[in-house]
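These notes are about the structure you will find just below.
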Amino acid sequence: MYRGLQPFHDFPEGPDWWDGETYKLVIGQIAKMKMNFIGLHTYPYNPTSAGLATGTNEPTVWVGLESELTETGSVKQSYPTSYANTMRGEWGYAPLPTSNYSWGV
């Protein structure tokens, strides 16, 4: 039986914005709670979703054919990707430069 977390990467509050220490903290807490699973929820590339509330091309997932891999398993080519950021204007958030944040960055 699996018990754990499945954080969604495409929300600004999600793991796109976690640093290494936050990952270690979350995974450490999972272990303390006797959980045994962390699944990173991502979406594959969807060229029609850019700017919509459905998420866009995430770097943590690649969808392609076996012929698009090298002999060692590296991807030969990929589509454009980016992590969630304040200028994408997705999921009900208006695009906003971090310089405009009320309390700074």
Side-chain angles (χ1 to χ4, degrees):
M1 170 173 269
Y2 295 103
R3 300 166 310 283
L5 299 177
Q6 187 176 17
F8 282 48
H9 269 272
D10 53 335
F11 292 96
E13 301 83 0
D16 277 4
W17 288 5
W18 296 356
D19 60 12
E21 290 303 312
T22 303
Y23 270 99
K24 290 176 189 177
L25 177 68
V26 170
I27 292 169
Q29 292 301 316
I30 289 171
K32 288 179 187 177
M33 293 185 288
K34 308 285 189 220
M35 294 182 178
N36 60 3
F37 172 81
I38 183 166
L40 301 175
H41 186 275
T42 58
Y43 294 96
Y45 177 62
N46 181 353
T48 63
S49 70
L52 303 175
T54 56
T56 352
N57 341 336
E58 296 183 25
T60 50
V61 62
W62 174 79
V63 177
L65 303 172
E66 189 174 347
S67 62
E68 296 174 317
L69 299 173
T70 66
E71 289 183 13
T72 62
S74 298
V75 176
K76 292 178 187 175
Q77 64 180 14
S78 185
Y79 34 78
T81 65
S82 74
Y83 286 111
N85 64 69
T86 64
M87 293 306 295
R88 284 199 350 200
E90 296 175 326
W91 300 105
Y93 295 94
L96 181 69
T98 54
S99 59
N100 289 356
Y101 279 20
S102 298
W103 305 106
V105 186

**Item:** Backbone N/O of M1 and side chain of N36: donor-acceptor pair under 3.5 Å
**Value:** yes
**Prompt:** Is M33 linked to Y23 within one hydrophobic cluster, defined over Ile, Leu, Val, Met, Phe, Trp and Tyr using a side-chain heavy-atom separation of less than 4.5 Å?
**Reply:** yes
**Distance in Å, I27 CD1 paired with K32 NZ, rounded so as to fall on 0.5 Å steps** = 13.0 Å
**Item:** Flag, side chain of E68 to backbone of L65, donor-acceptor distance under 3.5 Å
**Value:** yes
**Request:** Assess whether side chain to side chain contact (heavy atoms under 4.5 Å, CB included) is satisfied between K76 and T70, documenting all intermediate values.
**Result:** CA-CA 6 Å; K76 292 178 187 175; T70 66; 3.9 Å; yes
**Message:** Quick check on the hydrophobic clustering: are M35 and I38 connected, directly or via other members, by side-chain heavy-atom contacts under 4.5 Å?
**Reply:** yes
**Request:** Calculate, to the nearest 0.5 Å, the distance between atoms CZ and CG belonging to F37 and L5 respectively.
**Result:** 9.0 Å
**Message:** Quick check for you: to the nearest 0.5 Å, what is the distance between M87 atom CE and T98 atom OG1?
**Reply:** 9.0 Å
